[in-house]
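As structure tokens, the structure follows; a few thoughts come after it.
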Amino acid sequence: MTSRGRFRRWIFELGLGARMSVAGGRAGWARLALIAAGTGVGVALLLCIAALPSALEASSAREEARTEAIDSEREVARGDDTLLLGIATTTFRDDAIHGRMLQPEGTRPPIPPGITALPKPGEMVVSPALRQLIAANPVLAERWDAEIVGTISDEGLTGPADLAFYLGTDTLTEETGHRIDAFGHSFEAEGVSPMMVLLTAVGMVVLLTPVIVFMASAVRFGGEARDKRLAALRLVGSDAGMTRRIAAGETLAGAVLGLLVGAVLAVVAALLANRYATGPLSFFLSDMRPVPVLVVLIALGVPAVAVLVTLSAMRRVVVEPLGVVRLSVTIRRRLWWRLLLPAAGIFLLWPLKDGLGESSGSLEFQAATGVALLLIGLALLLPWLVDAVVHRLGGGGVAWELAVRRLQLDSGTAVRAVSGIAVSVAGVIALQGLVTGIEAQVGGPGQTASSTSRHQVMPNSDLPVSTWTEALQSTAGVRSVEPVRLARAAQAGVETEIRIGSCAALAGYAEVPGCVDGDAYAINIANSGVFTIEGGGQWTAPASTRDVTAFDTLLDYGPLMLITPAAAGDAFPAGEARYTLTLDNQTPDAVDRLRNTAARLDPQALVNGPGNDAVANALRTIRQGLLAGTIAMLALIGASLVVNVAEQMRERRQVLAVLVAFGTRRRTLSGSVLVQAAVPVLLGMTLAIGFGSGLSSVLMAAVEAPVTVDWFGIGTTSGMAALVVLGTTAAALPTLLRLTRPGNLRSE
């Protein structure tokens with residue numbers, strides 16, 4: 001036969017398989033629906049990820065369009081087309097609010113995108129999301145003494161949930177504001193922290209690997225029923241190769257239908273995200289367009305994977321005219337080749353034991369590849385482990401015997417669903433460990449949980465210290481206020497920032513044990529010598545000056561001196577001031593009341609919390625997303641586990657009915673179903689905790705955080721997995737009771 005004829009024959013056989021998938025009656029349609037549903041969920045997730053680049057690009061473009069063109073190297077002269085601008089960005093609870101103060105200097109000032117006219121003094125224009133937030137929170141409504149006169153349109157927002165406002169003012173000066181003549185500024189690519197690159201890369205791997213494992217499992221739903229139909233084909237003359245291609249065609253139909261289901265689910269997910277997403281994950285519907293190249297890869301890759309998985313599964317099945325012979329009983333699973341991927345993963349991850357360092361480039365992606373190889377290796381090791389353990393299990397009760405014997409005959413179906421759970425749990429434990437390590441780096445040694453928290457207020461105005469102190473002390477929830485004076489000096493040509501305050505105030509920057517008035521502390525600068533003060537004069541560091549480490553190691557403080565008033569004396573001139581505050585965390589909305597006070601005195605004043613708020617908020621969002629993703633993934637895999645258990649019981653309905661007819665109690669059969677599901681899950685969880693904890697330790701070492709065991713994360717994910725097993729058993733019990741009725745004793 002020519003190659004063209006062989007190709008046409010293969011197409012015919014694949015098409016025959018596709019027709020069989022819809023012509024098999026109710027059972028055929030059920031199998032097709034299961035494959036389409038399982039594949040569709042995975043495709044939907046892949047399409048959502050494929051839409052992220054376009055959505056992020058569109059959001060960034062609008063962000064750049066509304067960013068003021070402030071160029072420190074270009075002096076803008078006052079004119080008819082200029083305005084003074086103040087940065088009034090603030091935070092409400094965990095939500096960042098983009099804010100700008102606008103003061104026109106002529107008749108043709110630049111107007112930011114999204115509004116048609118500048119607000120007058122005492123007026124503000126807000127985004128729709130901020131208007132709703134103000135209406136729902138009276139505390140936030142007290143922050144600005146201005147009337148809302150308009151709404152920012154979509155052109156001026158990064159997403160539907162973007163919180164933004166423009167505040168009209170006449171209080172800005174050239175010292176407190178920036179003079180601009182246009183909006184729109186392109187950001188230069190800035191270096192991203194290696195920790196964040198590693199977190200992103202590992203997060204994508206942890207998210208995608210279970211999806212791939214699950215999709216590979218989904219295309220094998222109903223395999224035993226399909227094999228019986230293929231045996232009938234052998235009876236009418238088809239050979240073994242033709243049978244495999246027909247089976248591939250049958251699965252191919254489900255995969256193609258899954259692509260359509262996935263597209264519909266992706267649209268639904270986009271609608272939900274547009275309606276309910278917050279923060280940086282909020283996008284307009286018009287921006288959520290999957291990248292065409294990725295769509296093509298998904299459209300071609302998913303059916304190809306489905307066909308390859310089916311052909312691989314058929315490799316161990318001999319379909320004869322009078323029945324099906326499975327080789328899984330006689331051929332024991334081999335271990336050596338299953339260790340190749342984990343070994344390669346360990347080889348790639350080994351360089352991370354010494355940390356990422358500052359100049360790492362491709363090391364993060366090498367780590368992500370290593371994590372992917374380890375997780376896939378876990379999925380390959382689990383069938384061997386279950387096979388090896390169940391063949392060594394001893395006798396027990398009737399329920400135990402029934403379950404163990406069934407697993408000894410065929411553990412593949414149960415293990416495939418559990419593989420997805422194990423990979424998810426291992427990935428989540430590793431990712432939670434990495435997030436915990438980064439949080440430890442962000443929080444620093446001085447930030448511990450307590451009933452109080454330290455904050456700093458950094459004004460941008462020249463209001464007297466007494467005005468700030470009185471206003472802050474009268475704010476509900478503020479326990480203490482300590483002013484800190486700022487100055488600058490130089491030692492041996494090195495510019496140094498000077499912070500002068502009481503010991504209580506300096507304790508907000510570094511650990512200063514045994515501090516008394518007259519002490520001084522050095523951070524990243526020599527602790528002795530003479531400093532030349534900016535503006536005139538000199539200051540000599542006292543002999544008791546000690547080296548200390550700043551709390552926030554993510555921020556580059558540079559050279560910094562912390563000096564108590566007695567050590568500073570009268571050497572330093574009066575300069576700008578900051579205020580270190582201690583808040584009572586038990587007072588409701590204490591932080592936001594503090595922000596209200598600061599905004600009323602100076603809308604440009606910054607209020608900083610303990611640690612790095614921006615990174616901490618991002619990590620909190622990642623933790624919440626991780627938890628939601630884990631729950632969704634386990635629910636999805638739990639549903640597939642229910643289908644698998646129900647399918648196995650349906651195929652053994654005659655055996656189950658005979659057992660009941662001979663006096664076996666139904667609760668014994670229920671117990672066997674529970675054991676049959678629990679044993680692979682228990683082994684899978686053991687393997688997952690081991691792999692996940694090891695990965696977590698390596699990733700913590702990579703970000704140079706103390707290596708600890710995240711028992712809370714392990715307990716949470718393992719508990720959810722246990723709930724999945726119990727839920728699976730409970731959901732399968734009605735099917736078990738129905739299949740053990742006497743009517744199932746009949747045979748054709």
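These numbers come from a predicted model, not from an experiment.
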Taken in chain and number order and not counting sequence neighbours, the residues that satisfy side-chain hydrogen bond (donor to acceptor under 3.5 Å, both in side chains) with Thr107 are Asp80

Distance (rounded to the nearest 0.5 Å) between [X] [atom1] and [Y] [atom2]:
X	Y	atom1	atom2	answer
Leu606	His455	CG	NE2	13.0 Å
Thr169	Met124	OG1	CE	12.0 Å
Asp584	Thr587	CG	OG1	4.0 Å
Leu601	Asn460	CG	CG	13.0 Å
Thr475	Arg595	OG1	CZ	13.0 Å
Tyr166	Ser127	OH	OG	10.0 Å

Would you check if the side chain of [X] reaches a backbone N or O of [Y] as a donor-acceptor pair within less than 3.5 Å?
X	Y	answer
Arg62	Leu157	yes
Ser474	Glu470	yes
Gln103	Leu172	yes
Asp162	Thr158	yes
Ser54	Met288	no
Asn274	Phe283	yes
Thr467	Leu463	no
Asp589	Val139	no

Of all heavy-atom pairs between [X] and [Y], which one has the smallest distance, and what is that distance?
X	Y	value
Pro160	Ser282	CD-OG, 3.1 Å
Leu102	Pro119	CD1-CD, 4.4 Å
Thr82	Arg179	CB-CG, 4.1 Å
Pro110	Leu118	O-CD2, 4.0 Å
Pro459	Arg578	CD-CA, 4.4 Å

Begin from the C-alpha positions of Tyr579 and Thr469 and carry the test side chain to side chain contact (heavy atoms under 4.5 Å, CB included) through to its verdict.
-> CA-CA 8 Å; Tyr579 302 88; Thr469 304; 3.9 Å; yes

Pairwise ring pair (Phe, Tyr, Trp, His ring centres under 6.0 Å) hits with a residue in residues 77-129, at least two apart = none

Show your working on side chain to side chain contact (heavy atoms under 4.5 Å, CB included) between Val43 and Val261 and close with a plain yes or no.
-> CA-CA 8 Å; Val43 169; Val261 173; over 6 Å; no

Please tell me if the side chains of [X] and [Y] come closer than 4.5 Å, counting only heavy atoms from C-beta onward.
X	Y	result
Glu105	Leu84	yes
Ile148	Val125	no
Ile180	Leu83	yes
Leu472	Leu594	yes
Val126	Ile152	no
Phe183	Leu85	yes
Val478	Gln473	no
Ile298	Leu47	yes

Strictly by modelled atom types, are [X] and [Y] linked by a side-chain donor-acceptor pair under 3.5 Å?
X	Y	answer
Arg131	Thr151	yes
Gln456	Tyr509	yes
Thr176	Thr173	yes

Charged N-O contact under 4.0 Å between [X] and [Y]:
X	Y	result
Lys120	Asp170	no
Arg66	Glu155	no
Glu497	Arg499	yes

Verdict with reasoning, Asn608 to Met458, per side chain to side chain contact (heavy atoms under 4.5 Å, CB included) | CA-CA 8 Å; Asn608 285 343; Met458 294 182 283; 2.8 Å; yes

More than 12 heavy atoms from other groups under 6.0 Å of CZ on Arg600 = yes

Could you please spell out the steps behind the side chain to side chain contact (heavy atoms under 4.5 Å, CB included) verdict for His178 and Val76?
-> CA-CA 9 Å; His178 304 277; Val76 179; over 6 Å; no

